[in-house]
2 protein chains.
Amino acid sequence: MGITKSQIFTERQNDLAQFFKVLGHPARVAILQYISKQNACICNDLVDEIGLAQATISQHLKELKSIGLLKGEVEGKSMCYCINVERWTELQNELNTFFNKTKSNCC
Amino acid sequence: MGITKSQIFTERQNDLAQFFKVLGHPARVAILQYISKQNACICNDLVDEIGLAQATISQHLKELKSIGLLKGEVEGKSMCYCINVERWTELQNELNTFFNKTKSNCC
DNA sequence: TTTATATATTGCAATATTACGATAATAAAA
DNA sequence: TTTTATTATCGTAATATTGCAATATATAAA
């Protein structure tokens, strides 16, 4: 036990949940907000800005990358992490579809 | 370690993350979809429909209730769980605000 | 009241997540 | 090449989540 039974759900249910899960940590919400405010970003800024260890920030960035929300480019000896706007919009649309479909009246 | 450092984030960041987190499990996505499809619901249906133990379903329902997404009414010896449409719409709006604010171009 | 049915709670084992120090990897600067 | 700066990865401890059996609670039916 303790393991999520992904196999009993549809691919779409797992994908939606995975996406929500990645956004389900305040550090990752904060990272996205900060990056968008800067219009550019290097990881080291985030360590100062957010107040978590460098290893921890790096790990959170990896998760945001895993669902395609961030793209990173090497820029000298830093990384330039940015929001992948296309993916971002795509996910926003999927979310709204989910919300609109699920909305219903009963009771 | 191992504990999320909520105190270093804003209330809004924590709230948004908490909301995403609750939706971040395929069983809870499936529950919401199923309830909305039925326009009414009793927990026992969900056990058959989703294929998790009764105790597990009950726990997931509790989490959905914790962020106000579901409201439950006693109906005879069953429960009638329904989507709280007002809360649902409210959260959809908050999400869109977050998405629109965060969307930006760089790199 | 007793029994049956539906849901909630408790306790626990398995697994996942969070956080961080240490260290590796990479690339610019000296 | 050596040093410095930046980011990634590894290993590990603390905590959280998932799932379920067992049990408690609550209500309808007998």
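Source: prediction; values computed, not measured. Side-chain atoms are counted along with the backbone in the values below, which use heavy atoms only and exclude waters and symmetry mates.
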Side-chain N,O (A:Asn44) to OP1/OP2 (D:dT7) below 4.0 Å: yes
Distance test, side-chain N/O of A:Tyr81 to OP1/OP2 of D:dT6, below 4.0 Å: no
DNA chain C contacts made by residues 47-64 of chain A, counting heavy atoms under 4.0 Å: A:Leu52, A:Ala53, A:Ala55, A:Thr56, A:Gln59, A:His60, A:Glu63
Within residues 6-26 of chain B, residues whose heavy atoms come under 4.0 Å of DNA chain C: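 Contacts with DNA chain C under 4.0 Å: none.
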Protein-nucleotide distance (A:Ile3, atom CD1; C:dT17, atom P), rounded to Å: 10 Å
Distance, rounded to the nearest Å, where A:Leu46 contributes CG and D:dA8 contributes P: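 Spelled out: CG on A:Leu46 to P on D:dA8 is 11 Å.
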Closest non-hydrogen atom pair, [X] against [Y]:
| X | Y | answer |
| --- | --- | --- |
| B:Glu75 | B:Cys80 | OE1-CB, 4.0 Å |
| B:Ile35 | B:Leu70 | CD1-CD2, 3.9 Å |
| A:Val22 | A:Glu63 | CG1-O, 3.7 Å |
| B:Cys43 | B:Leu61 | SG-CD1, 3.7 Å |

Canonical and wobble pairing (Watson-Crick, G-U, under 3.5 Å) of DNA chain D, dot-bracket with |: ||||||||||||||||||||||||||||||
Which pairs of donor and acceptor atoms, one on a side chain in residues 47-54 of chain B, lie under 3.5 Å apart (sequence neighbours left out)?
none

Options D:dT18, D:dA8, D:dT27, nucleotide nearest the side-chain atoms of A:Lys65: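 Output: D:dA8.
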B:Leu23 side, atom CG; B:Ile67 side, atom CD1 - distance, nearest 0.5 Å: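 Result: 5.0 Å between the selected atoms.
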Most 5' of B:Lys5 and B:Lys77 on DNA chain C, judged by nearest nucleotide: B:Lys77
Contact check, side chains of B:Leu46 and B:Ile31, non-hydrogen atoms, under 4.5 Å: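 Yes, close enough: below the 4.5 Å cut-off.
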Heavy-atom check, side chain of B:Leu32 versus side chain of A:Phe98, under 4.5 Å: yes
Test ring-ring contact (aromatic ring centres under 6.0 Å, His included) applied to A:Phe99 - qualifying residues, sequence neighbours left out: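 Counting only residues at least two positions away or on another chain, A:Phe99 forms a ring-ring contact (aromatic ring centres under 6.0 Å, His included) with B:Trp88.
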Quiz: residues 8-18 of chain A side-chain donor-acceptor pairs under 3.5 angstrom, not counting sequence neighbours:
{"residue": "A:Thr10", "atom": "OG1", "partner": "A:Gln13", "partner atom": "N", "Å": "3.0"}
{"residue": "A:Thr10", "atom": "OG1", "partner": "A:Gln13", "partner atom": "OE1", "Å": "3.3"}
{"residue": "A:Arg12", "atom": "NH1", "partner": "A:Glu94", "partner atom": "OE1", "Å": "3.4"}
{"residue": "A:Gln13", "atom": "OE1", "partner": "A:Thr10", "partner atom": "N", "Å": "3.0"}
{"residue": "A:Gln13", "atom": "NE2", "partner": "B:Gln33", "partner atom": "OE1", "Å": "2.7"}
{"residue": "A:Asn14", "atom": "ND2", "partner": "A:Ser6", "partner atom": "O", "Å": "3.1"}
{"residue": "A:Asn14", "atom": "ND2", "partner": "A:Thr10", "partner atom": "O", "Å": "3.2"}

A:Asn96 and B:Gln92: side chain donor to acceptor below 3.5 Å: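 Short answer, yes.
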